[in-house]
2 protein chains.
Amino acid sequence: MNISNSEENYLKTIFHLQADTEKVNTNAVAEKLNTRPASVTDMMKKLSAKKLLDYQPYKGFSLSGEGRKIALGIVRRHRLWEYFLVEKLHLGWDEVHEIAEELEHVSSKRLIDKLDEYLGFPKFDPHGDPIPDSKGKLRRSNEILLLQLPLHQRAEVCRVGNQSAEMLELLQHKNIRIGTKLEVKNNFHFDGSIEVKVKNTTVSISEQLAKNIFVTYES
Amino acid sequence: MNISNSEENYLKTIFHLQADTEKVNTNAVAEKLNTRPASVTDMMKKLSAKKLLDYQPYKGFSLSGEGRKIALGIVRRHRLWEYFLVEKLHLGWDEVHEIAEELEHVSSKRLIDKLDEYLGFPKFDPHGDPIPDSKGKLRRSNEILLLQLPLHQRAEVCRVGNQSAEMLELLQHKNIRIGTKLEVKNNFHFDGSIEVKVKNTTVSISEQLAKNIFVTYES
DNA sequence: ATTAATTTTTAGCTTAGTCTAAATTTTAAT
DNA sequence: ATTAAAATTTAGACTAAGCTAAAAATTAAT
Ligand SMILES: [Mn+2]
Ligand SMILES: [Mn+2]
Ligand SMILES: [Mn+2]
Ligand SMILES: [Mn+2]
């Protein structure tokens, strides 16, 4: 079956939206893809006819098994390319998403598996998102928001929920990146901000920022 | 100005055909791109309207300065990716063209310049074709066909005119690759075949093969 | 339970890129 | 110089992907 770039973008978007809600609705997809709801409905019919989607008019839709498999392939390509762009070409974390958005549609399986091998089978992309393996398997880690990390619990930054240049800049300034170990020392009710210990220094983090940092910890 | 993948493919094809003849004709383009002459005419009108092409109905067409500049950009991307695929990912010379045919349309200038740097600013792609530099400058070497190399003139293989798996296999079998030094020892009128010395062995090369190998030599 | 607001779908248009068949122009051959 | 063949363009149609505006269905509010 042949799948166009546009169809791939829809599948991937639905896949991502399904992380939040099992059933996805028209407006949400239109919003993400910067298209109109009417265009989404058209495409849903097409994907549904191809059996990549379970769709009942007015009731929302979700990926079929096959649709999910294809979406995982696209996500794999996207994240592998992002890893390549950051680790090998030294592009900034904030500029790789856009480029990967195009590269992800180059679909040679052999290319991607060779790339994976060349990169040393990375498990996470530069933003901490897991990279599906060659068989489409995706590890889900038991992460929580830094905002919800208990006081004095040592943890490690594993993912960011936002990849704007602004956030990258702020994190770099505070010396925080994926893998950084930290511990919450204080949290303030007034503005929701927290103080965390990183290495030997203490930095202040706004609620807004702490909502975009995910961490993991043992036990 | 925005240029679609399809338009890029046409521009690149015309660029390549112009290596042979200044003015390119409709059927030649249709043949190369596996489309119909009528489709070519349509596209020529569009490219002409965009001033990327000099076009007079029934008279053929050639790239404008701007068109040539864009075509060189595409060729640059194509050949850099081919180099990457062979040198870094270790794909075979015969399988990279198809993949590069897609990658060449990812047009981020920053991506390509970073890739170029990462690869060490290579001057030639895996088939010996020159890679335009960041400014679109293209070196042309003074190469000749192996078939026309004078007897006993030491020379170096610099390019192949065909990149099929079959030819790759044959060349590998005869231990010949880009950069191989050789010298013609005999040529036979009966079938046009020649004998060349490579390292310390003598190998026989058919006329058909010798027409697809280009060499350079000093003075 | 009606009515109002929101969401989704349908209907009808548009553009890019392709095609086939027919008309036209150019080139080649008598 | 005519005629025949080949190349090119035009005309008209199709598909994919999008849009706007209107209709229909669902959900929320009185
Ligand atoms: Mn994309
Ligand atoms: Mn990412
Ligand atoms: Mn191409
Ligand atoms: Mn090449």
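Within every chain, numbering begins at 1; the chains are lettered A, B, ... in the order of the sequence lines, protein sequences first and strands thereafter. These numbers come from a predicted model, not from an experiment.
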OP1 or OP2 of D/dG18 sitting under 4.0 Å from any side-chain N/O of A/S6? yes
Would you call B/R77-B/E8 a salt bridge at under 4.0 Å N-O?
yes
Contacts of B/H97 meeting ring-ring contact (aromatic ring centres under 6.0 Å, His included) (sequence neighbours excluded), chain-then-number -> B/H78
Notebook entry, point to check: So does B/K32 have more than 12 non-hydrogen atoms from other groups sitting under 6.0 Å from NZ?
Noted result: no
Taken to the nearest whole Å, NZ/B/K23 to P/C/dT27 is 13 Å
Under a 4.0 Å heavy-atom cutoff, the residues of residues 9-17 of chain A touching DNA chain C are none
When rounded to whole Å, the CG to P distance for the pair B/N2 and C/dT15 reads 17 Å
task = Check whether any side-chain N or O of A/N25 sits under 4.0 Å from OP1 or OP2 of C/dT8, and answer yes or no.
result = yes
When rounded to whole Å, the CZ to P distance for the pair A/R36 and D/dA16 reads 23 Å
Tabulate atom names and distances for all N/O pairs under 3.5 angstrom spanning the protein and nucleotides 9-13 of chain C.
unit_1 : atom_1 : unit_2 : atom_2 : d
C/dT9  : OP1    : A/Y55  : OH     : 2.5
C/dT9  : OP1    : A/Y58  : N      : 2.9
C/dT9  : OP2    : A/T26  : OG1    : 3.1
C/dT9  : OP2    : A/T41  : OG1    : 2.8
C/dT9  : O4'    : A/Y58  : OH     : 3.4
C/dT10 : OP2    : A/K45  : NZ     : 2.8

Taken to the nearest whole Å, CG/B/N5 to P/D/dA16 is 18 Å
- Query: Is there a donor-acceptor pair under 3.5 Å between the side chain of A/R159 and the backbone N or O of A/G128?
  - Reply: no
- Going by atom types alone, do A/S134 and A/K109 pair a side-chain donor with an acceptor below 3.5 Å? yes
In whole angstroms, the gap separating P of D/dT26 from CG of A/N27 amounts to 16 Å
Next item on the list: May I ask you to check whether B/F84 and A/F84 place their ring centers less than 6.0 Å from one another?
Entry: yes
What contact category does B/S39 fall into here, base, sugar-phosphate, or nothing, at under 4.0 angstrom with non-hydrogen atoms?
base
Taken to the nearest whole Å, NZ/A/K50 to C1'/D/dA16 is 10 Å
key: Any donor-acceptor N/O pair, B/S193 side chain to B/S206 backbone, under 3.5 Å   = no
For atom CD of A/E31, decide whether the heavy atoms of other residues, nucleotides or ligands shown that lie under 6.0 angstrom number more than 12.
-> no
Separation of C/dT18 atom C1' from B/E7 atom CD, nearest Å, is 14 Å
Item to complete: I would like to know whether A/D116 and A/I131 meet side-chain contact (heavy atoms from CB on, under 4.5 Å); could you show each step before the answer?
Response: CA-CA 10 Å; A/D116 196 12; A/I131 301 176; 5.6 Å; no
